[in-house]
Amino acid sequence: MVELERVVKSGHSTEQVSQPSRIAAPDEAIGADELQLAARNHGMPLEALHYDITPPGLHYLLTHYDIPVLDAATWRLTVDGKVRRPLVLSLDDLRSRPAVTLPVTLECAGNGRARLNPRPVSQPWLNEAVGTAEWTGTPLASLLAEAGVEPGAVEVVFTGHDHGVERGVEQDYQRGLSFADAAQEEVLLAYQMNGLPLPPQHGFPLRLMAPGWYGMAHVKWLRAITVTDEPFAGFQNARAYRVKNHPDDVGEPVTRIRPRALMAPPGFPDFMSRARVARPGRHLLTGRAWSGLAPVTGVQVSVDGGATWDDADLEPALGRWAWSRWTYQWDAVEPGRHVLLARASDAAGNTQPVDQEWNAQGMANNMAQRVEVHVS
Ligand SMILES: Nc1nc2c(c(=O)[nH]1)N[C@H]1C(S)=C(S)[C@@H](COP(=O)(O)O)O[C@H]1N2
Ligand SMILES: [Mo]
């Protein structure tokens, strides 16, 4: 990593080019910088919760820098570091290896950030940074075994083709996973999404899939996999994806996805506020629930703003690493404003909080969704 001062010639201070992480003032509105990120990195429209598998154009998207333009014919993946036989592989080499297809629910660690008060200034997700796709690829574990990992390997570093500056640090997008996490059987080098080559924005030609982990671990546009004998201290592990009480804290690493339930908004929306309008009568509320920590065991729904909760019907998950559908009958008898909530629990005893659990970067926040519905 190169400090920005050394790469920017003149006329720009670090502050002008690259802003530190910041917490918005109490009543500060979303700024043009956050809007610019939101326009590039779109969420999944919540009505797409009706699909088991999210159509690719509706799947959320998060890219820190630019989407690289890569040619599959000349693209290569290197596997190096603490291995006895370094490898250089083409896309055809990877495609000729054993293939696995897994449905995986992917969620950005910053999902929910813009609902926090005060708001950490970054990609301003509300609830919608999620999607479930069928990813096809070859298991990483067997490739590492073939490369012959040397004793003492502690971490595997994944490097993407994309390059940028973040908080003054120029870098390739890179993430490390512990060797034990990287060697799990479900970890894939994926070259297909929903049966087609990866779209450019989702990592063409190859990305990592680390099922159960928040999005930042699933490195897109892979170019190198490096086995190391010391922990990786790169920006995205050591500074960015951490739960901190204060921007300058070291914090704790963000790892696996905490449980979350989302509701497909009932009725129909008001164009500007997106508040929902519904007719009086019986409504079948439906949604999805997931957790990367343990299987989802229950979803509870409140139709009175969180005063009382009732169990929803939960269907089997699409797979261990993908979401479950849930349904709940709501009898909307009283005209007027209603606030609906849903929250998920998992087999490890984790339940979504109803009140915010604030942290300085808005990471891994799984506060329950609130849906305002006007019955008329
Ligand atoms: N190379 C690279 N990989 C990346 C990113 C990135 O900016 N560059 N963003 C990460 C983050 S923060 C998320 S949430 C997921 C988003 O994956 P998607 O855009 O396919 O939904 O990709 C991850 N992989
Ligand atoms: Mo993310």
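Indexing begins at 1, ligand by ligand and atom by atom, following the structure's order.
- A donor-acceptor contact shorter than 3.5 Å links the side chain of Asp346 to the backbone of Gly349.
- Only side-chain heavy atoms of Asp162 come within less than 4.0 Å of ligand 1; its backbone N, CA, C and O stay farther off.
- Contact of the Leu341 side chain with the Arg370 side chain is registered, since non-hydrogen atoms from C-beta on lie closer than 4.5 Å.
- Annotation: side chain of Trp75 is in contact with side chain of Leu206 (closest heavy-atom distance under 4.5 Å).
- The N/O atoms of Ala109, backbone and side chain alike, include none that comes under 3.5 Å of an N/O atom in ligand 1.
- Where the criterion is an N or O separation shorter than 3.5 Å, residue side chain and backbone included, Thr63 fails it with respect to ligand 1.
- Listed by atom number, the atoms of ligand 1 under 4.0 Å from Leu106 heavy atoms are 17 (O), 21 (O).
- Closest to atom 9 (N) of ligand 1, if we only count protein heavy atoms, is Leu62 O, 3.3 Å.
- The nearest protein atom to atom 15 (C) of ligand 1, hydrogens excluded, is given as Gly215 O, 3.5 Å; this is a heavy-atom distance.
- Contact annotation: for Tyr214 versus ligand 1, there are no heavy atoms closer than 4.0 Å.
- The protein atom (non-hydrogen) at minimum distance from atom 7 (O) of ligand 1 is His64 N, 2.8 Å.
- Of all atoms in ligand 1, numbered sequentially from 1 with element shown, those under 4.0 Å from a heavy atom of Val219 are 1 (N), 3 (N), 24 (N).
- In the vicinity of Leu61, heavy-atom distances shorter than 4.0 Å reach the ligand 1 atoms 19 (O), 21 (O).
- Residues Met44 and Leu49 have side chains in contact (heavy-atom distance under 4.5 Å, counting atoms from C-beta outward).
- Across His59, Lys220, Gln123, heavy-atom proximity to atom 19 (O) of ligand 1 is greatest for Lys220.
- Between Tyr241 and His64, the ring-plane angle classifies as tilted under the 30° and 60° cut-offs.
- Scanning all protein heavy atoms for the shortest distance to atom 16 (C) of ligand 1 gives Tyr60 OH, 3.4 Å.
- Side-chain contact between Leu140 and Ile225 is present, with at least one heavy-atom pair separated by less than 4.5 Å.
- Exactly one residue among Asp310, Leu340, Thr286 makes a side-chain contact (heavy atoms from CB on, under 4.5 Å) with Tyr328. That residue is Asp310.
- The proximity of His218 to ligand 1, defined as any non-hydrogen pair under 4.0 Å, is limited to the backbone.
- Tyr173 CZ, 3.8 Å is the protein heavy atom nearest to atom 5 (C) of ligand 1.
- Of all the listed residues (Met44, Gln236, Arg207, His202), Arg207 holds the heavy atom that lies closest to atom 17 (O) of ligand 1.
- A donor atom on one side chain and an acceptor atom on the other are found under 3.5 Å apart for Glu170 and His163.
- Every atom of ligand 1 with a heavy atom of Cys108 under 4.0 Å away is listed here by number and element: 14 (S).
- Below 30°, between 30° and 60°, or above 60°: for His59 and Trp135 the angle between ring planes is above 60°, a perpendicular geometry.
- Proximity of Tyr241 to ligand 1, defined as any heavy-atom pair under 4.0 Å, is confined to the side chain (atoms from C-beta onward).
- A donor and an acceptor atom, one from each side chain of Trp321 and Glu186, are nowhere located under 3.5 Å apart.
- When atom types are taken as modelled, the side chain of Thr105 and the backbone of Trp323 share a donor-acceptor pair closer than 3.5 angstrom.
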